[in-house]
*Asks:* 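Take a look at this one; I'll ask things after.
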2 protein chains.
Amino acid sequence: MVTIHDVARAAGVSPATVSRVFNGGNVTPARAHSVQQAAAALGFAPNRVARSLRKQRSSVIGLVIPDIGNPFFTSLARGVEDAAQRTSLSVVLCNSDEDTDKERRYLEVALGEQMAGVIVAAASRDRTDLGPLIERGIPVVAVDRRPHEADVDAVMVDNHHGGEVATRHLLKSGYRRIACITGPEGASTSEERLAGYRAALRTAGHRPESADARAHVRHADFRVEGGRLAMRELLAMPEPPDAVFVANNLMTIGVLEALREAGQEPPDLGVLSFGDIPWASLVRPSLTTVELPSYELGRTAAELLLQRMSGGSSALQTVVLRTTLHARESTAGPRG
Amino acid sequence: MVTIHDVARAAGVSPATVSRVFNGGNVTPARAHSVQQAAAALGFAPNRVARSLRKQRSSVIGLVIPDIGNPFFTSLARGVEDAAQRTSLSVVLCNSDEDTDKERRYLEVALGEQMAGVIVAAASRDRTDLGPLIERGIPVVAVDRRPHEADVDAVMVDNHHGGEVATRHLLKSGYRRIACITGPEGASTSEERLAGYRAALRTAGHRPESADARAHVRHADFRVEGGRLAMRELLAMPEPPDAVFVANNLMTIGVLEALREAGQEPPDLGVLSFGDIPWASLVRPSLTTVELPSYELGRTAAELLLQRMSGGSSALQTVVLRTTLHARESTAGPRG
DNA sequence: CACCCTGCTGAAATCCTTTTCACGACGGGT
DNA sequence: ACCCGTCGTGAAAAGGATTTCAGCAGGGTG
């Protein structure tokens, strides 16, 4: 391997000078030039590991997401990358697969590799431990999901508002027995969307706390299969719902499949998805969605991280982004 | 930061012994135990950067993919992760976005960070330079796309065979003017699939080299938009095709959208997709696809990499995996 | 002319771990 | 009883960069 010493020898200067040339220290132009030449001739590439060891900080930022198969997170990742693009930092993705063990390992890697910063969409609210990173002074930004009592900057979606708008839309379309399939209990996103749903029902004079209404709420796992099973259960009820608010995109796929199985079709049974389904344009009837600002979420998180890295020890920030309702055919109203 | 020295002092041994405890050297059980205790008490976590510097090798493997938004690659990534899971290595993803500059930067990171190994689906055949990695002795495995004259292990799809089977299927279904929308010129996957398509036509007595037949071949960019544009062009021809073989999943989305725009629908105009569309189950008529072994591709690549890392300086291997045709409604045959 | 300040440079320390080397102790074979 | 091999251990070197510190030269000021 060609090191800074080799370059120094070739250019007739000290290693310190070579380092200064590459890191913007004070060096005579002539000398700098000969160092550049020597480096090019030898094909010198700085050893990032040695640099990280000395600087106590590497030049990659880690993005930990819970499901690489979910287009929401890949879009978010794009946002992060595009923002980081303009700096000298590289983004590496870590897929925790909603598994807190895998996530813990990745957070250990981030810590051990002394990453410049970490953006994390937590796999769990209480078992995601950002403490060690924070103690080590590594900037951390939480995105989409807020981990329990961690003092970090955060970029969130206004889930409550989104859930409320969605449910209000279903009510306005004439649906009366509106079910909700939300995510795992304990996940902030699940709970907030559910709370929004209940708030809208309450405002409309329903009583979402009644046993009857509670039976229309299902907790699933944010995956296709979970959505399918939950919908099957709802359809098997003595008085099945006439519409369903599905709290994430993948579960909506499962819901639509379950409906097709059962010979039901929107908008007779209204379906509203919280979060886009990629290429939903091909599905007929077209799907009403609450669109999430996934890309902006990522971009904003990265900007917050960069800002925090460049030193401002200002107060912690939480940015909340709004959703947008796209009304389409799947919620046109019950028969007639 | 608590270092190996702190642990050593606390346990009353030398740093070397602490290192041996964590790396499986010869240490008296009693001593080992007291080191473990001290480490736990102090919350010691080894500094991976220092370790990498000394060992000249880190413990992460890099996976460079050209499009994180393409489910084919995310599924491949899962395969890699699952295989790596059983080792102490962590996988980090790098999204090159089909951009050779971004890709080059990521390869530099892999080199500079002294990654334990790299799996790469090359963004370009000729401008993807794996040389420096190989020279440094970092094991590299090419997956899905073979970079030009690089001496690396590889895991590929039998694209030629897949293209041939696909086209033969269209012919058997009664289509006669079969177009092909393939990827960028120069990409191995594009060319091989196209060659398979042509081989099938030739066998059936067509003359794919004729000007007429050549006009039915379009090169696009493997993205939704490219597929849409190519299909629009094909539909605008004086004698438009009665079926189309689309060489990747995302372009098929665009093709279906273009058809819908033009008021056409499969199977009157047959559509066959090379590669799955996630949740295609929701699309009617259901889509005939050539299914790619994406997950297995990733898993096999990781296994090859691990094998290479564990020292066997055996001959280079290229593993080729076959595709599977799933005939569905979209190629049921032209009207009637 | 004396002094100080600035700008450039190189030697050496530093970051933290792994690994080599040397050494002492101990057990077994002759 | 002697020697050899093995095992466990610690001191110290190595890995490659950054950064501090001190020194030196040159220009500007009083």
Side-chain angles (χ1 to χ4, degrees), chain A residues 1-36 38-39 42-60 88 108-109 111-116 132 136-138, chain B residues 1-36 38-39 42-60 88 108-109 111-116 132 136-138:
Chain A
M1 226 193 81
V2 35
T3 77
I4 212 176
H5 280 89
D6 303 324
V7 177
R9 194 160 349 107
V13 300
S14 77
T17 301
V18 178
S19 171
R20 282 190 267 258
V21 169
F22 284 97
N23 297 293
N26 274 338
V27 178
T28 324
R31 235 181 260 256
H33 183 244
S34 80
V35 167
Q36 307 267 25
L42 274 67
F44 168 74
N47 182 325
R48 304 169 82 104
V49 177
R51 180 204 302 248
S52 299
L53 177 60
R54 178 61 231 236
K55 304 235 292 193
Q56 301 280 70
R57 185 111 319 170
S58 86
S59 61
V60 318
S88 60
E108 278 169 14
V109 170
L111 182 71
E113 298 276 354
Q114 299 180 162
M115 288 190 182
R136 248 302 234 308
I138 296 181
Chain B
M1 225 196 77
V2 35
T3 77
I4 212 174
H5 280 90
D6 304 324
V7 178
R9 195 163 345 110
V13 300
S14 77
T17 300
V18 178
S19 172
R20 281 189 268 259
V21 169
F22 284 98
N23 297 294
N26 274 336
V27 178
T28 325
R31 238 181 256 256
H33 184 244
S34 79
V35 168
Q36 307 268 26
L42 274 68
F44 168 74
N47 182 325
R48 303 167 83 103
V49 177
R51 180 204 300 247
S52 298
L53 177 60
R54 176 63 230 234
K55 304 236 289 191
Q56 301 280 67
R57 185 109 320 168
S58 86
S59 60
V60 318
S88 60
E108 277 169 13
V109 171
L111 184 71
E113 298 276 354
Q114 302 181 158
M115 288 190 183
R136 245 309 231 305
I138 297 181

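Within every chain, numbering begins at 1; the chains are lettered A, B, ... in the order of the sequence lines, protein sequences first and strands thereafter. All heavy atoms count here, side chains included; hydrogens, waters and symmetry mates do not.
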*Asks:* Under 4.0 Å between a side-chain N/O of A/Thr17 and OP1 or OP2 of C/dG10, yes or no?
*Replies:* yes
*Asks:* Please walk me through it: do A/Val60 and A/Glu113 pass side-chain contact (heavy atoms from CB on, under 4.5 Å)?
*Replies:* CA-CA 9 Å; A/Val60 318; A/Glu113 298 276 354; over 6 Å; no
*Asks:* Identify the heavy atoms of A/Val13 and A/Arg31 that sit nearest to each other, and give their distance.
*Replies:* CG1-CG, 3.8 Å
*Asks:* What nucleic acid atoms does A/Val49 come within less than 4.0 Å of, heavy atoms only: base, sugar-phosphate, or nothing?
*Replies:* nothing
*Asks:* Taking OP1 and OP2 of D/dC7, is either one under 4.0 Å from a side-chain nitrogen or oxygen of B/Asn26?
*Replies:* no
*Asks:* If I take atom CZ from residue B/Arg54 and atom CG from residue A/Leu53, how far apart are they, to the nearest 0.5 angstrom?
*Replies:* 13.0 Å
*Asks:* Which part of the nucleic acid, if any, lies within reach of B/Val18 when heavy atoms closer than 4.0 Å are counted: base, sugar-phosphate only, or nothing?
*Replies:* nothing
*Asks:* Answer whether the closest heavy-atom distance between the side chains of B/Gln56 and A/Val49 falls below 4.5 Å.
*Replies:* no
*Asks:* What residue pairs, at least two apart or across chains, pass salt bridge (Lys or Arg N to Asp or Glu O under 4.0 Å) with a residue in residues 13-27 of chain B?
*Replies:* none
*Asks:* Per the end-axis method with five pairs at each terminus, what is the bend angle of the helix from C/dC1-D/dG30 to C/dT30-D/dA1, to 10°?
*Replies:* 50°
*Asks:* Assign B/Val27 to base, sugar-phosphate, or nothing according to its heavy-atom contacts below 4.0 angstrom with the strands shown.
*Replies:* sugar-phosphate
*Asks:* Give the C-alpha distance, both sets of side-chain angles, the deciding distance and a yes or no for side-chain contact (heavy atoms from CB on, under 4.5 Å) between B/Arg48 and B/Ser59.
*Replies:* CA-CA 8 Å; B/Arg48 303 167 83 103; B/Ser59 60; 2.9 Å; yes
*Asks:* Expressed in angstrom and rounded to an integer, what is the separation of B/Arg57 atom CZ from C/dT19 atom P?
*Replies:* 13 Å
*Asks:* Kindly compute the distance separating CD1 (B/Ile138) from CZ (B/Arg57), expressed to the nearest 0.5 Å.
*Replies:* 5.0 Å
*Asks:* Treating primed atoms plus P, OP1 and OP2 as sugar-phosphate and everything else as base, which nucleotides of nucleotides 11-17 of chain C get B, S or - for protein heavy atoms under 4.0 Å?
*Replies:* B-BBBBB
*Asks:* Within a strict 4.5 Å, meaning less than it, do heavy atoms of the A/Thr17 and A/Val27 side chains meet?
*Replies:* yes
